[in-house]
Amino acid sequence: MNYDILIIGSGAAGLTAAITLAERFRVLVLAKGAISGGSTAWAQGGIAAVLEPGDTFESHIADTMDAGAGLNREETVEFVVENAPRAIQRLVELGVPFNVEDDGDLHLTREGGHSHRRIVHVDDATGWAVQEALERAAEANPNITMLPDMVAIDLITDRHADAPTETDHVWGAYAFNKASGHVEAFAARATILATGGAGRTYLFSTAPRGATGDGIAMAWRAGCSISNMEFMQFHPTCLYNLEVKNFLITEAVRGEGGHLKLTQDAPNPGHRFMPEFDSREELAPRDIVARAIDHEIKRLGLDYVHLDISHREPAFVREHFPNIYDKLIGLGIDMTKEPIPVVPAQHYTCGGVRIDLDGRTDLPGLYAAGEVSESGLHGANRLASNSLLECFVFGEAAANHIAANWDDLPDPPAIQPWDESRVTDSDEEVVVQHNWREIRRFMWDYVGIVRTTKRLERAQHRIDLLRQEVDEYYGNFRVTPDLIELRNLIEVAALIVRSALARKESRGLHYTTDYPDLAKNAVDTVLKP
Ligand code: FAD
Ligand code: SIN
């Protein structure tokens, strides 16, 4: 079966694009695990949009640029913010059961950095409801085929044509089929990368196991510019639990009055410390709250801090956070009566494949949308609940551009099959597992919330060594999903460290003690292969 368009990724960005395109075209969507396996299904807090009486686009734009420390591209911020109410309306039409007030208006919650109540949500499990609605719409559309368990390895470019040329048009991707164990070529007139972020480059992350930056690495290898990779967002409040390592406690808990306090191991247990760091207290932008917690944990030698909402009515807490309440009760923590132990963890990849307002990358035929991309919306730090929004707006923008320019997109040439003639099965799987662990450990220790040039250089040195080992391994052995991801993790780690070393200032999420001040001009870090 031939498809017109290939979409790699089945989260909010990929499925939004698929549903828009399927009005006219045959679309193939690949996911590397289950169709609902991306970050979208895990989103808790909600989606930001100007819907409250008295709120304005100007205010949402100003909050986004304030969180982004001036690095945002203003035209992108305006484009996304102005399209937000329409994106929410479209989700309502798709059947997303957003919480409503008694009068039928959407219930709006509040999160850090927002100067208004602006977040539409479905309890504390918004992402799951969104993913379900998008999947339902995609499944009902005969023009959309969704294939799970297909791990895209590399983009197909003119170099892979039967008659290779020096041009760099993208014609689809090679993907490893987990069921058959073979690599297949999927050719298309246009390709959209919607592969999500790269959180798993770090030891502790709120993101799912598959967030290994595959799209960023594939785009880089194919020749795309990658920008602002030093801006890795750490969420301030990930549950601290030795068994459950990546459970997020939504920012909406602070939005509804939760306080951050020192634990019993501090000299002044129960002390609420955020007022000493920022006048917005617990609702300061994430970079500020995460750095404050990191500072207190390191200063006092704590394992974690407390997030306490037990001063609010138990019924209110249970009603607003039913999933978090249930999860914590299962772990022996009653959040209506006691504080929750929390630590910061990697949460969101602000940088990525550089795109324009139509979702176009540098390469003809290749688009990107969602967390894989760097659209200019987030700048040096993403404002809470702006990222699902970006997926909807850019998923649709990329689809619209493809549809509007369809006649100018040529048919793909004949493509060479994947060549396995010079590789054998691996007999040293331990190398892959060891290197996976090693990267995530040193990225956490050396390229975390507070950085120094010396630690970044140490990380770079390790990346150089690991890269040699993994390249050799990749050249000799048949690919496996873990090896494909490991190769991408190294590529992405290298991009993060190179970008961090290039930034000689502290801005937004990038804080280095060697350059603690803000430079006069805000300049993107753009890496070109
Ligand atoms: P994803 O939803 O991550 O989907 C990626 C897709 O790409 C998946 O289908 C995956 O299988 C596929 N894929 C990846 N690599 C390959 C490959 N090599 N081959 C084939 N397929 C591949 N944002 C908000 O705005 N509001 C929130 O409340 C919120 N809460 C969050 C809570 C958590 C715990 C997390 C982790 C994130 C949260 N975010 C939130 C961020 C937001 O969820 C993500 O930025 C967003 O869902 C990303 O969507 P996406 O479509 O870009 O990618
Ligand atoms: C959260 O619910 O705290 C996550 C919101 C986001 O990542 O935007």
Backbone N or O of [Y] within a donor-acceptor pair of the [X] side chain at under 3.5 Å?
X: Arg73; Y: Ser375; result: yes
X: Asn405; Y: Asp408; result: no
X: Thr157; Y: Val170; result: no
X: Thr191; Y: Gly172; result: yes
X: Asn72; Y: Leu377; result: yes
X: Asn228; Y: Phe231; result: no
X: Asn99; Y: Asp123; result: yes
X: Arg440; Y: Asn435; result: no
X: Arg360; Y: Leu357; result: no
X: Asp294; Y: Ala290; result: no

What distance separates [X] [atom1] from [Y] [atom2], expressed to the nearest 0.5 Å?
X: Thr20; Y: Leu15; atom1: OG1; atom2: CG; answer: 10.5 Å
X: Leu28; Y: Asn143; atom1: CG; atom2: CG; answer: 12.5 Å
X: Cys391; Y: Asn386; atom1: SG; atom2: CG; answer: 11.0 Å
X: Gln433; Y: Leu483; atom1: CD; atom2: CG; answer: 10.5 Å
X: Asp356; Y: Thr76; atom1: CG; atom2: OG1; answer: 9.0 Å

Verify the distance criterion only: is there a donor paired with an acceptor across the side chains of [X] and [Y] at less than 3.5 Å?
X: Thr167; Y: Asp158; result: yes
X: His461; Y: Glu457; result: no
X: Glu251; Y: Thr237; result: no
X: Asp124; Y: Thr250; result: no
X: Asp482; Y: Thr480; result: no

Nearest heavy atoms of [X] and [Y], plus distance in Å:
X: Asn246; Y: Ala207; answer: ND2-O, 3.6 Å
X: Ser225; Y: Val526; answer: CB-CG1, 3.9 Å
X: Gly215; Y: Leu193; answer: O-CD1, 3.6 Å
X: Ala187; Y: Ile415; answer: CB-CG1, 4.2 Å
X: Ala22; Y: Ile144; answer: CB-CG1, 3.5 Å
X: Ile216; Y: Gly351; answer: CD1-O, 4.4 Å

Could you point out which residue of Arg441, Gln346, His347 forms a side-chain contact (heavy atoms from CB on, under 4.5 Å) with Tyr202?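 Among the candidates, only Gln346 passes.
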Aromatic ring centroids of [X] and [Y] under 6.0 Å?
X: Tyr473; Y: Phe477; answer: yes
X: Phe394; Y: Phe79; answer: yes
X: Phe176; Y: His182; answer: no
X: Tyr348; Y: Phe234; answer: no
X: Phe98; Y: His121; answer: no
X: His169; Y: Trp171; answer: yes

Verdict with reasoning, Leu248 to His235, per side chain to side chain contact (heavy atoms under 4.5 Å, CB included): CA-CA 8 Å; Leu248 180 75; His235 196 292; 3.4 Å; yes
Glu485/Arg209 ion pair, N-O < 4.0 Å: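 Salt bridge: yes.
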Is a salt bridge present between Glu396 and Arg90, judged by a nitrogen-to-oxygen distance below 4.0 Å?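 Yes, Glu396 and Arg90 are salt-bridged.
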Hey, are the side chains of Leu155 and Leu366 touching, using non-hydrogen atoms and a 4.5 Å cut-off?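 Touching, per the 4.5 Å side-chain cut-off.
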So which pairs with a foot in residues 182-195 pass salt bridge (Lys or Arg N to Asp or Glu O under 4.0 Å), sequence neighbours left out?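 For residues 182-195, and leaving out neighbouring residues, the salt bridge (Lys or Arg N to Asp or Glu O under 4.0 Å) pairs sorted by first residue read Arg189-Asp411.
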Yes or no on side-chain hydrogen bond (donor to acceptor under 3.5 Å, both in side chains) for Asn381 and Gln233, after CA distance, side-chain angles and deciding distance? CA-CA 7 Å; Asn381 179 25; Gln233 182 169 76; 2.7 Å; yes
Full working for salt bridge (charged side-chain N to carboxylate O under 4.0 Å, His left out) between Glu371 and Arg382: CA-CA 11 Å; Glu371 194 170 337; Arg382 173 176 71 96; over 6 Å; no
Test the Arg487-Tyr474 pair against the cation-pi criterion, namely NZ or CZ under 6.0 angstrom from the six-membered ring centroid and within 45° of the ring axis.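 Yes, Arg487 sits over the ring of Tyr474.
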Should the pair Lys245 and Phe204 be classed as cation-pi, given the thresholds of under 6.0 Å to the six-membered ring centre and 45° from the axis?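 Not flagged: Lys245 not positioned over aromatic ring of Phe204.
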Show your reasoning for whether side chain to side chain contact (heavy atoms under 4.5 Å, CB included) applies to Ile439 and Leu486. CA-CA 9 Å; Ile439 295 175; Leu486 174 64; 3.7 Å; yes
Could you walk me through whether Thr525 and Arg503 pass the side-chain hydrogen bond (donor to acceptor under 3.5 Å, both in side chains) test, one step at a time? CA-CA 7 Å; Thr525 308; Arg503 187 163 291 281; 3.1 Å; yes
Trace of the salt bridge (charged side-chain N to carboxylate O under 4.0 Å, His left out) decision for Glu491 with Arg467: CA-CA 8 Å; Glu491 203 71 83; Arg467 188 199 284 281; 3.1 Å; yes
Could you walk me through whether Arg354 and Asp524 pass salt bridge (charged side-chain N to carboxylate O under 4.0 Å, His left out), step by step? CA-CA 11 Å; Arg354 200 164 171 84; Asp524 287 330; 3.2 Å; yes
List the steps, then state whether side-chain hydrogen bond (donor to acceptor under 3.5 Å, both in side chains) holds for Ser10 with Lys32. CA-CA 9 Å; Ser10 57; Lys32 72 172 163 181; over 6 Å; no
Those residues that, when tested against Val423, pass side-chain contact (heavy atoms from CB on, under 4.5 Å) (two or more places apart):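 Testing Val423 for side-chain contact (heavy atoms from CB on, under 4.5 Å), a comparison that skips the adjacent residues, returns Glu420, Arg478.
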Per-pair distances, 0.1 Å, donor-acceptor, side chain in residues 133-140, under 3.5 Å, sequence neighbours excluded:
{"from": "Glu135", "atom 1": "OE2", "to": "Gln131", "atom 2": "NE2", "distance (Å)": "2.9"}

Candidate pair Val29 and Leu147, rule side chain to side chain contact (heavy atoms under 4.5 Å, CB included), full reasoning: CA-CA 6 Å; Val29 180; Leu147 292 183; over 6 Å; no
Is there a side chain to side chain contact (heavy atoms under 4.5 Å, CB included) between Phe247 and Ile249 once you walk through the steps? CA-CA 7 Å; Phe247 186 69; Ile249 308 294; 4.0 Å; yes
